[in-house]
Structure formats: structure tokens, C-alpha cells
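Each remark here refers to the structure printed beneath this line.
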Amino acid sequence: MKIILANPRGFCAGVNMAIESLERALQLFGAPLYVYHEIVHNRPIVEKFTALGVVFVNEIAEVPNGATVLYSAHGVSPEIREHSRSRNLRAIDATCPLVTKVHMEAVKFAREGYTIVLVGHEGHDEVLGTMGEAPGHMVLVEDADDVAKLDLPADAKLAFLTQTTLSVDEAKVVIEALRQKYPQIVGPNKDDICYATQNRQEAVRDLVPEADVVLVLGSRNSSNSQRLAEIAKGTGRAAYLIDRASELQPAWFKPTDTVLVTAGASAPEEHVQACVDRLRSEFGAEVESRVVREEHVSFPLPRELRVLL
Ligand code: SF4
């Protein structure tokens, strides 16, 4: 068996920053510490922090008055910020700057009188936060079918934005459908899909022709991890999205397979290595690391923490 380890894979700059923020906040303020939504969409990480006394909440009302709350990498709407203020919470904002950039674009377009079409997945934390920046000015579409169903005036003043973790190829189709139906629509110079999402997808696309099976480390509610598995499946190969090595099933592999291993932007490297170790010991796999693109991106900790460190 041969393992091809895709690079880049795993943690992106936004996830690194969010996790370090939570670690530092725990050191500074101790437990219990509250986080609005999952800090990142990864089960092992959420379980690890839960064991350390972090309480993940879906409503600000669940946080006791005056306590500390950290906003996740996916961002929050102004309404959530206001709710925290009204409860005297100490808020630490670990929103990824690339999500904040989309929020700012939404505010700008809304102020200029545009109706904004957001391309994204309904119910995703990031989509909820972005839509909350311009309530009443935004509609959500998930795919080209939704674009066909859009009932906006043909000459409406329109702009589009996208979620940061979409499939690059699928987003192109939806944006093209929008441009066809509403030629006047404006948008960001490029879509808002972030560098980390694009690079991880590019690595899978480039390396998958050499593989028989694809293993993606990441959680089912992680949008960018799901997209990696979909890209692999789209080539007709078996692709498995798993959180940890214990979920790996030997029946998925033949001893002569080439296995492409990658990880979503929120999946810890230790679980990648645990899978590699299992495939080494059970199938005698040899590992080849392949770099499709270099990444040198990092984000500073939230200001609320920087002033205290
Ligand atoms: S996947 Fe992209 S947008 Fe999301 S946290 Fe990472 S860098 Fe930021």
C-alpha cells in the first residue's frame, strides 16, 4: 500500500487563531468558559475543550450574566454582539478575518442599496452570521436551482457574496447562473471562498488521479471537509470522511491500494498521523508527502486577548 499525504491539509490560519484564542482565554479566565457555537466544526476538538471546562452554547441566553464568551471562527451577527453587551458579557471575538471580510462586504453593499444574494449552505453558522449583517437585504441560494426560483425584479440592484468554504467548482456554476439571470449583478473581484478552502480542494483535485481510495479527516458538519470528500467521490473513487483513526475500517482498502490522505481546515494533524500509523501497521503502507501549494498565512489573536497578554 502507498499513502499520498496531501499538502496543504488540515488547520488553516483561522482555525489556528481560534483554537489558540480559546487556549489563551482558558489560561487567563479559567473554566467555565463559554463559546458561542462550536469553536470550529470538529468533534475531537469540541470534545477536548468540553473536557477542559468549556461550555459550547447555541444561545447567548445560556451564558450567565457577566461571564466570558468567545465567538467561534465562523463569526456572529450584530444581534448576537448586542445581546452579549446587554448581558454584560466579556466577549472575545475569534472570528476568522476572512469571514469578517465577507461581513464587511455585506454591510457595504447593503448601505449602497443593493439586494445581496448570498451563495451558501442554509443553517451554517457562518451563513447565519453573515445574513445577520444585513437583515432584509439578503437572500440565500444554495445551488443553480435556487437561482432559477429567485423572484427578484429583472432590473434589481443586485450583488452576490459567497460563504468561505464552498466548493470552488460548484460556486462557479451558481455565480454563472446568477450572472446569466441578472447580468447587472456585481460581486467581489473573486468569490469569497478562502485560500485554505481553495488550496485543500486544489490538492485533492491534483492528486486524486493517482489514488484508489481517499481518506478525508474532518467532521460531518465541517463544510470544507465535506467538499473535499465530494470532490474525491465525484471522480468515482471511494472517499471516506472520518473524525479519527478508530473509525477507519480495514475493509475499505486492498493491500495494493494507493490511498490519498487529506484533512479539512478544522481537522487536527494528530488524527491524520493516527490513520497513517494504522495503515502502516495493518497494511505495511509507505508514505509519500506531496506539496501542491505552500501556505504562509497566519492571523493575530483577537484584540481583546492581545491587550491582556
Ligand atoms: S476555512 Fe478559511 S474562512 Fe474558515 S477559518 Fe479557515 S481560513 Fe478562515
Side-chain angles (χ1 to χ4, degrees), residues 6-23 35-46 49 56 70-77 92-106 118-121 123-133 161-171 187-205 216-231 241 243 262-269 271-272 292-302 305:
N7 290 286
R9 66 172 181 280
F11 281 8
C12 59
V15 165
N16 269 323
M17 179 275 290
I19 289 174
E20 194 185 339
S21 299
L22 187 47
E23 287 167 348
V35 177
Y36 181 71
H37 290 155
E38 293 188 342
I39 181 72
V40 297
H41 283 154
N42 184 267
R43 196 142 45 99
I45 290 177
V46 169
F49 279 112
F56 293 94
L70 202 130
Y71 301 140
S72 81
H74 301 107
V76 294
S77 67
I92 299 169
D93 188 0
T95 304
C96 175
L98 301 180
V99 174
T100 302
K101 176 174 154 272
V102 184
H103 282 221
M104 286 159 65
E105 287 166 345
L118 178 67
V119 186
H121 298 292
H124 190 281
D125 293 344
E126 181 186 324
V127 165
L128 298 174
T130 306
M131 294 199 69
E133 290 288 358
L161 295 172
T162 77
Q163 190 179 331
T164 56
T165 51
L166 298 180
S167 148
V168 173
D169 295 333
E170 285 173 19
N189 290 339
K190 277 178 82 225
D191 51 49
D192 301 299
I193 300 174
C194 78
Y195 80 96
T197 299
Q198 300 204 24
N199 291 350
R200 281 149 192 69
Q201 290 179 13
E202 181 189 24
V204 168
R205 246 187 267 108
V216 181
L217 274 294
S219 288
R220 302 216 158 268
N221 64 343
S222 159
S223 173
N224 80 87
S225 304
Q226 274 181 350
R227 304 292 85 79
L228 296 177
E230 282 170 11
I231 288 169
L241 177 62
D243 268 311
T262 186
S266 47
E269 179 64 13
H271 296 289
V272 174
V292 171
R293 199 166 281 275
E294 303 266 0
E295 282 181 353
H296 305 281
V297 183
S298 63
F299 296 134
L301 290 174
L305 285 174

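Each ligand, and each atom within it, is numbered from 1 in the order the structure gives.
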Quiz item: What atoms of ligand 1 come within less than 4.0 Å of a heavy atom belonging to C12?
Solution: 1 (S), 5 (S), 6 (Fe), 7 (S)
Quiz prompt | Min side-chain heavy-atom separation F299-N16 under 4.5 Å | solution = no
Quiz prompt | Atoms of ligand 1, numbered as shown, that sit under 4.0 Å from any heavy atom of C194 | solution = 1 (S), 2 (Fe), 3 (S), 7 (S)
Quiz prompt | Matching residue for R200 among T165, V216, L228, I231 - test: side-chain contact (heavy atoms from CB on, under 4.5 Å) | solution = L228
Exercise. Establish, yes or no, whether a centroid distance under 6.0 Å links the rings of H124 and H74.
Key: yes
Exercise. Examine all N, O or S atoms of C96, backbone included, and report whether one is under 2.8 Å from atom 6 (Fe) of ligand 1.
Key: no
Quiz prompt | Nearest-option assignment for atom 3 (S) of ligand 1, heavy atoms, candidates N199, T165, T164 | solution = T164
Quiz item: Between the side chains of D125 and H41, is a donor N or O closer than 3.5 angstrom to an acceptor N or O?
Solution: yes
